[in-house]
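Being a predicted model, the structure only gives us computed values, none of them experimental. We use all heavy atoms of the structure for the numbers below, so side chains are in, but hydrogens, waters and symmetry mates are not.
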Amino acid sequence: MIDYKISGNETLGIEFGSTRIKAVLIDENCNPIASGSHDWENRLENGYWTYHTEDIWTGLQDAYIHLNMEVQEKYGVKITKLASIGFSAMMHGYLPFDKDGRQLAEFRTWRNTTTADAASQLTKLFNFNIPQRWSIAHLYQAILNEEEHVGDIAFLTTLAGYVHWKLSGRKVLGIGEASGMFPIDSNTNSFDEKMLDKFSSLENVKKYGWNIREILPDILIAGENGGTLTEEGALLLDPSGSLEAGAVMCPPEGDAGTGMTATNSIPVKTGNVSAGTSIFLMIVLEKQLSGVYEEIDMVTTPAGKPVAMVHCNNCCTDLDYWVGLFREFAGATNVPLSKPQIYDLLYNKALEADADCGGLINYNFFSGEPVAGLRDGRPLFVRTQGSKFNLANFMRAQIYAAMASLKIGMEILDRENVKIDRLTGHGGLFKTPEVGQRLMAGALGTPVAVMKTAGEGGAWGIAVLARYCIAGENGETLEKYLENKVFNRYKSTVIEPVNEDSKGFDAYMKLYKSGLAVEKAAAENI
C-alpha cells in the first residue's frame with residue numbers, strides 16, 4: 001500500500017467523454033492519487049447520435065466503483081467523504097425536460113449534424129456563429145420540425161448540467177459550458193440579452209408558453225459554489241451508501257473548459273488542442289474577431305474570457321478502427337501485442353513516412369463535419385496507382401486525417417492574425433510520446449507542448465476546478481491559482497515545427513481539399 005492517508009479532504013472529478021467516463025481523485029495539492037473508468041459508446045438511433053439515460057447512470061456508478069477499488073487497493077480504505085466534486089462532459093447537445101423532470105426527447109449529442117437549417121437561420125438572426133451542435137440550434141430545429149415535445153419544455157441543459165442537477169438539485173452551468181448552449185456576453189458573464197430578445201421575438205417561438213430565459217440554466221463562474229452533494233445524489237453516485245452527502249460541487253463544465261484547465265490555457269494568447277473522438281483547438285483572445293465565421297465558435301474560458309474555438313466532430317475514431325484491424329492481424333499470427341503496444345508501433349512507424357504521405361489521403365468522417373462542409377460522413381481511404389503505398393505512409397495519412405479539418409479552421413485564425421504564445425496538446429492523439437505532438441506542430445506551424453498531466457485529461461481538469469471552488473476563496477483568480485498552486489510543479493515537453501513536416505502537410509492538404517468532392521459523393525451514394 002502507498003504511504004498516503006485518505007482523509008476525506010480529497011476532491012473528485014468525473015468527465016463523461018465520448019467513449020469513456022473517467023473518474024479522478026486528487027489530493028489537496030491537485031495531485032492525482034487514484035482513478036477509475038467505464039467504457040461506453042454512442043448509438044445512432046432514429047437518425048440521432050445518442051446515449052441512453054440508463055447508460056449515463058450505470059456508467060457513472062461503474063467508473064466510481066473502479067475508482068473506489070483502486071483507492072482500497074492503494075490505501076486500504078474506501079471513499080466515505082469528499083471535500084468537493086466536479087462533473088464535466090462532452091459539450092453542447094440537447095437534453096429537454098418538462099416541469100416534472102421527465103426527459104422529453106433522446107439525448108442529442110454534439111455529434112449530430114441535423115440542425116443545419118436552424119444553425120444557419122440563427123447565425124443570420126444574431127450575426128453570431130451558431131454551430132449545429134449548440135443547444136439553441138437543437139432547440140430551434142425541433143421548433144422548425146414542429147416536434148410535439150417542444151411545448152412541454154421547462155428546462156433545457158447539457159449532459160454535465162443534467163448530472164450536476166440530479167446530484168445537487170441545482171440547475172446551473174459553468175460559463176464555459178453555458179457558452180455552448182447560447183451566446184455569452186463576456187462583459188456581464190451572462191447569456192447575451194439582445195440575442196435572447198431576438199430569439200424570443202421569433203413568431204414560431206412566441207407560440208409556446210415558455211420563455212427562453214426561463215428554461216436555460218443559471219450561469220456560474222469558476223470558483224463559485226454550485227451547490228452540495230445531496231443524500232439522493234450521493235446514492236446515485238455510490239449506491240452502496242458509503243459516501244456521505246455534503247461535498248461542495250463546482251459549476252459543471254464542458255470538455256472544452258476542462259481541457260483549458262488541464263493544460264493551463266486560461267491566460268490570453270494561450271491555447272490547447274484536445275484530440276480524442278473529436279478534435280478542437282481553443283485560443284484565448286486578446287480581442288474579438290473582425291467577422292463572423294461558421295467554422296469558428298466563440299465560447300469562453302471557465303472564468304468568462306472570450307475564446308475562439310475550432311471544433312471538428314471527427315478525430316481518432318477511424319484511426320482506432322484501423323489499429324484494431326492491425327491488432328486482429330497480430331492476434332492471427334499468435335503475436336501477443338496489447339492495444340497500446342500496437343498504437344506505439346504504428347505511430348512511430350509514421351515518423352518514417354514521406355512528409356506528404358506519398359500521395360495517400362484518408363478521410364476519417366464517421367459523422368458530418370461542418371468545418372469541411374459535410375452534412376454526413378463516410379470513412380474513406382484514397383490513393384492513386386502511382387502513390388507510395390506502404391505502412392509508414394498509411395499511418396501518417398491516418399494521423400494527418402485526424403488534424404486536417406482542424407487545419408481548415410486554423411487557417412481562418414491565421415488570417416485574423418490571432419497570436420499564440422503557447423499551444424498545449426492533450427488527449428489520445430498525444431499519448432504516444434513525440435509522434436502526435438511533432439506532426440501537430442508541423443501541421444499548425446506552431447510549437448506544441450505536452451504536459452505530464454495530459455493522460456489525465458478532462459477528469460483531472462474538472463477535479464482541479466472543483467478544488468479551486470474551495471481553495472480559491474481568498475479571491476485568487478483562476479489564472480493565478482493554476483499558475484501558482486498547480487502547474488508550478490508540472491513540467492512540459494515542447495516540440496518546434498519541423499520545416500519538412502510543415503511542407504509535407506501543406507502538400508497533403510492540397511490533395512485533401514481537392515478530394516473532399518469524393519467524400520461528399522461517398523456520403524450521398526453509399
Identified side-chain contact (heavy atoms from CB on, under 4.5 Å) partner of Pro96 from the options Leu139, Leu156, Asp152: Leu156
Closest non-hydrogen atom pair, [X] against [Y]:
| X | Y | answer |
| --- | --- | --- |
| Gln437 | Val448 | NE2-O, 2.8 Å |
| His38 | Gly59 | CD2-CA, 3.3 Å |
| Glu70 | Ile33 | OE2-O, 4.3 Å |
| Ala262 | Met451 | O-SD, 4.1 Å |
| Met90 | Gly17 | CE-O, 3.3 Å |
| Thr11 | Ala466 | CG2-CB, 3.6 Å |

Please collect all side-chain hydrogen bond (donor to acceptor under 3.5 Å, both in side chains) contacts where either partner lies in residues 276-286, sequence neighbours excluded, each pair once. none
Please find out if less than 6.0 Å separates the ring center of [X] from that of [Y].
| X | Y | result |
| --- | --- | --- |
| Phe487 | Trp460 | yes |
| Trp57 | Tyr162 | yes |
| Trp134 | Phe126 | no |
| Phe366 | Tyr321 | yes |

Is the backbone N or O of [Y] less than 3.5 Å from a side-chain atom of [X], with the two atoms forming a donor-acceptor pair by type?
| X | Y | result |
| --- | --- | --- |
| Tyr468 | Leu478 | yes |
| Glu244 | Lys81 | no |
| Ser405 | Val371 | no |
| Trp210 | Phe155 | no |
| Glu369 | Asn314 | yes |
| Glu10 | Leu82 | no |
| Tyr51 | Ser18 | yes |
| Asn68 | Tyr64 | no |
| His311 | Ala256 | no |
| His92 | Gly180 | yes |

Do the non-hydrogen side-chain atoms of [X] and [Y] ever get within less than 4.5 Å of each other?
| X | Y | result |
| --- | --- | --- |
| Gln72 | Lys78 | yes |
| Phe87 | Phe16 | yes |
| Met440 | Leu406 | yes |
| Met195 | Phe128 | yes |
| Val323 | Leu319 | yes |
| Asn264 | Glu483 | yes |
| Cys250 | Leu220 | no |
| Ile14 | Leu237 | yes |

Look at atom [atom1] of [X] and say whether more than 12 heavy atoms of other residues, nucleotides or ligands are closer to it than 6.0 Å.
| X | atom1 | value |
| --- | --- | --- |
| Gln103 | CD | yes |
| Glu328 | CD | no |
| Asn488 | CG | yes |

Intermediate values then yes/no, side chain to side chain contact (heavy atoms under 4.5 Å, CB included), Glu231 and Leu235: CA-CA 6 Å; Glu231 296 284 353; Leu235 286 172; 5.9 Å; no
Quick one: do the Asn112 and Gln132 side chains pair a donor with an acceptor below 3.5 Å? no
Where do Leu67 and Leu12 land on the side chain to side chain contact (heavy atoms under 4.5 Å, CB included) test, with the steps shown first? CA-CA 10 Å; Leu67 170 76; Leu12 173 64; 3.4 Å; yes
Where does the angle between the aromatic ring planes of Phe97 and Trp165 fall among parallel (under 30°), tilted (30 to 60°) and perpendicular (over 60°)? perpendicular
Checking side chain to side chain contact (heavy atoms under 4.5 Å, CB included) for the pair Thr432/Leu346: CA distance, chi angles, key distance, verdict? CA-CA 10 Å; Thr432 298; Leu346 293 173; over 6 Å; no
Assess whether a salt bridge exists between [X] and [Y], defined as any Lys/Arg side-chain N lying under 4.0 Å from an Asp/Glu carboxylate O.
| X | Y | answer |
| --- | --- | --- |
| Asp320 | Lys339 | yes |
| Arg43 | Glu41 | no |
| Asp197 | Arg213 | yes |

Nearest-0.5 Å distance, [atom1] of residue [X] to [atom2] of residue [Y]:
| X | Y | atom1 | atom2 | answer |
| --- | --- | --- | --- | --- |
| Tyr208 | Ile153 | OH | CD1 | 8.5 Å |
| Asp192 | Lys198 | CG | NZ | 8.5 Å |
| Asn9 | Ile470 | CG | CD1 | 6.0 Å |
| Leu423 | Leu281 | CG | CG | 5.5 Å |
| Ile184 | Ile175 | CD1 | CD1 | 5.0 Å |
| Ile85 | Leu25 | CD1 | CG | 10.0 Å |

Show your reasoning for whether side chain to side chain contact (heavy atoms under 4.5 Å, CB included) applies to Lys485 and Cys30. CA-CA 8 Å; Lys485 305 290 176 58; Cys30 296; over 6 Å; no
Can you see whether Tyr48 has Arg108 sitting over its ring - NZ or CZ less than 6.0 Å from the centre and within 45° of the normal? yes
